[in-house]
Amino acid sequence: MLAVNAAVFFGVFLHKITLPPFVPYIHLLVDYHFGFTKRALIGAVVALFTSKVPVWLVFALSGTVWLVTAGLFVKLFRRTFGSDDKHLPLFIFMAGSPFFLKNFMHTLGHFDIYGCLFAIVLLLFPARSLFYVGLAALFSMILILIHHIHLLMYVPTIATIVVLRYYLVQGANSRNITAGLVAFAAIGVCFIAAQFSGTMAVPEADFANYLQGRMADPSRTDLLSFAYIWYQPLSKEVADTWARLPHNSLGIPVFALLIWLHMPLWQYFKNLIAALSIAANRRIVTAAIVIVSLGYLVMFAMVFDYSRWISNWAVCLFLILHAVKALPSSRDVALVSTRDRKTLIFGWIITIIPRVGIVRPF
């Protein structure tokens, strides 16, 4: 299964680099030239190093981020579960899931993976002081500056990791609560600024001309076709989403099937929560999963990239599982095992599924 997954990773990458990177490329062009702008942080960082952006930079940068994320996840898994053979089926259901690294390969250049990367870093970073809370707040604000939808996509998961790894261990005294409220307020201010003060103020033609000036090949004007998203109000995005809903909702049974194929993993997660020795911890974990899921439900109603949202929701659960595993437990939980025929079949199916997609399944 590991070998097949490696081959699938490579095949998806070869396919991806043949496709025009419309949305990812324009995000490397947009910076803070016209003042504070939403979705401009990555482009602003790129602008520090080069005034002309080649198309290949999309794949070089996003490919590097993918490799770092994959490497850190392997390190995280080994720290949480170890690297012995009995944990390999669990690793397959996570790392080999079409929701996770394979779909991040398909969406190279999109901003989703940055949230996953920062969450993994927080899972690896020692949670011994208030510096951890500050680091989580900093990561959350960076993600919002990359794209404000991260407020719903990965910030709730980052908050969950902080609660499970720091507050449940260090306690919720007045000092810790104050720090958390300050962090929450800072993240809120950052989101409000990005959402309401980051709108492009110059005419769209001037904006497009500036972006064309940053292109290494200005003749590729087709890559500027998504410049309108910096001018599109939220109401228009919601209207487009609901207009596409009848057609896009046809993919919901496929999403349900993909989720069901991960049932051995979900069952393990459920048993892990049930085995927590402190009842309050069980309630907190359950509430956190509900909050994270509600954030994705709101995204479903606002933006129509359904395949990406369902994939990132699953990834968030994978990451929360690692945080839950570190909490005090009253008993050992049976691991995912391929000795069960149904689990083995499900494992092979998710192994050969190359990805979930961006908008509709596959």
Side-chain angles (χ1 to χ4, degrees), residues 16-17 20-72 104 107-122 125 131 134-151 153-155 158 186-187 189-221 223-231:
K16 184 64 180 180
I17 61 178
F22 294 111
V23 174
Y25 181 64
I26 199 170
H27 275 83
L28 299 188
L29 301 177
V30 180
D31 56 15
Y32 297 127
H33 177 77
F34 295 109
F36 180 69
T37 307
K38 61 184 178 182
R39 303 187 183 193
L41 181 61
I42 295 178
V45 173
V46 171
L48 296 175
F49 299 95
T50 178
S51 59
K52 299 291 184 179
V53 181
V55 174
W56 60 261
L57 186 60
V58 171
F59 303 107
L61 176 61
S62 57
T64 300
V65 173
W66 187 93
L67 288 172
V68 172
T69 302
L72 288 180
F104 279 147
T107 59
L108 279 180
H110 288 271
F111 45 81
D112 315 19
I113 194 171
Y114 291 95
C116 176
L117 173 60
F118 286 173
I120 292 175
V121 170
L122 285 172
F125 200 87
F131 177 79
L135 182 64
L138 176 62
F139 282 175
S140 297
M141 289 186 285
I142 290 174
L143 289 173
I144 289 171
L145 294 177
I146 291 175
H147 196 298
H148 48 286
I149 205 170
H150 269 300
L151 183 76
M153 187 183 297
Y154 275 98
V155 170
I158 287 175
I187 294 170
V189 170
C190 182
F191 172 76
I192 292 172
Q195 177 65 42
F196 300 104
S197 300
T199 304
M200 191 62 60
V202 300
E204 190 169 351
D206 294 345
F207 179 54
N209 287 335
Y210 173 73
L211 297 184
Q212 191 171 10
R214 291 205 62 204
M215 299 174 68
D217 181 5
S219 66
R220 293 291 307 276
T221 54
L223 295 176
L224 299 179
S225 58
F226 283 84
Y228 71 88
I229 60 180
W230 275 266
Y231 293 85

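Here the CD1-CE distance, from I144 to M153, works out to 12.0 Å after rounding to the nearest 0.5 Å. Put simply, OH on Y114 and CG on D112 are 10.5 Å apart, with the number rounded to the nearest 0.5 Å. Put simply, CG on D31 and CG on L211 are 8.0 Å apart, with the number rounded to the nearest 0.5 Å. A distance of 12.0 Å separates CD1 in I187 from CD1 in I192, rounded to the nearest 0.5 Å. The distance from the CG atom of L117 to the OG1 atom of T69 is 4.0 Å, given to the nearest 0.5 Å. If you take CZ on F104 and CH2 on W66, they are separated by 11.0 Å, rounding to the nearest 0.5 Å.
The shortest distance between side-chain heavy atoms of P21 and V55 falls below 4.5 Å. For the pair T107/I113, no side-chain contact is recorded, criterion being any heavy-atom separation below 4.5 Å from C-beta on. Looking at heavy atoms from C-beta onward, Y25 lies out of side-chain contact with L224 at the 4.5 angstrom threshold. Between V30 and R39, every side-chain heavy-atom pair lies at or beyond the 4.5 Å cut-off. In this structure, L28 and I42 have side chains that are in contact, with non-hydrogen atoms separated by less than 4.5 Å. Using a 4.5 Å heavy-atom cutoff, the side chains of L29 and R214 are in contact.
The aromatic rings of H150 and F111 stand perpendicular to each other, their planes meeting at an angle above 60°, with 30° marking the opposite boundary.
A donor-acceptor distance shorter than 3.5 angstrom exists from the side chain of K52 to the backbone of G213, with no hydrogens or angles considered. For H147 (side chain) and I149 (main-chain N/O), a donor-acceptor pair under 3.5 Å exists by modelled atom type. Side-chain atoms of T37 come within 3.5 Å of backbone atoms of G35 as a donor-acceptor pair (strictly under, hydrogens ignored).
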Ring pair (Phe, Tyr, Trp, His ring centres under 6.0 Å) between Y154 and F118, worked out: CA-CA 9 Å; Y154 275 98; F118 286 173; 9.8 Å; no
Worked verdict on V155 versus F191 for side chain to side chain contact (heavy atoms under 4.5 Å, CB included): CA-CA 11 Å; V155 170; F191 172 76; over 6 Å; no
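The two residues L108 and G63 have their closest heavy-atom pair at CD2-N, 4.1 Å. Scanning both residues, A193 and F36, for their nearest heavy atoms gives O-CE2, 3.4 Å. Taking every heavy atom of both residues into account, Q212 and P218 meet most closely at NE2-O, 3.0 Å.
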Please tabulate, one pair per line, all N/O donor-acceptor pairs under 3.5 Å involving side-chain atoms of residues 195-209, not counting sequence neighbours.
residue: N209; atom: ND2; partner: A205; partner atom: O; Å: 3.2

